[in-house]
Amino acid sequence: LRNKLTKTFGANSQFRFYICVNASNKPFNPIGSEIIPEPNKFVNKVCKGGPKMIEVNQAAFQKYLEFLKTKNTRWLVDLEREVI
């Protein structure tokens, strides 16, 4: 998960799309003040919910990619509406 914000798995035209979300299950914003906690820190593992990958549909995945490319937060707002 470290330094990875998206993942795609699949074969034979059956793909699964994943994006990185924060502890509040909102799409992770690498541009904002959020930081990915170090995975070796005990407190971060136990007490704080860290970022994780969730499965999304292809449209949501494309919106997240557009946000990462353009850094336009409007894509992120649209994505939050679709994921939640």
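Being a predicted model, the structure only gives us computed values, none of them experimental. Throughout, residue positions are numbered sequentially from 1 according to the sequence presented.
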Looking at CZ of Arg74 and CD of Glu66, how far apart are the two atoms once the value is rounded to the nearest 0.5 Å? 14.5 Å
Give me the atom names and distance for the closest heavy-atom approach of Tyr64 to Pro30. OH-CD, 4.4 Å
Going by heavy atoms in the side chains, are Trp75 and Thr70 under 4.5 Å from each other? yes
Does some side-chain heavy atom of Leu79 sit less than 4.5 Å from a side-chain heavy atom of Val56? no
Lys26 side, atom NZ; Ile19 side, atom CD1 - distance, nearest 0.5 Å: 13.0 Å
Look at the side-chain heavy atoms of Ile, Leu, Val, Met, Phe, Trp and Tyr, link any pair under 4.5 Å apart, and say whether Phe28 and Ile54 land in one connected group. yes
Would you say that Asn57 contacts Phe17 through its side chain, given a criterion of any heavy-atom pair below 4.5 Å between the two side chains? no
Taken to the nearest 0.5 Å, the spacing of Lys52 NZ from Asn22 CG works out to 9.5 Å
Do you know the tightest heavy-atom contact between Glu80 and Pro27? CG-CD, 3.5 Å
Common cluster, Leu65/Ile31, ILVMFWY with side-chain heavy-atom separation under 4.5 Å: yes
Any side-chain heavy atom of Asp78 sitting closer than 4.5 Å to one from Phe67? no
Cluster overlap Val77 with Leu68, hydrophobic side-chain contacts below 4.5 Å: no
Looking at CG of Leu76 and CZ of Arg81, how far apart are the two atoms once the value is rounded to the nearest 0.5 Å? 11.0 Å
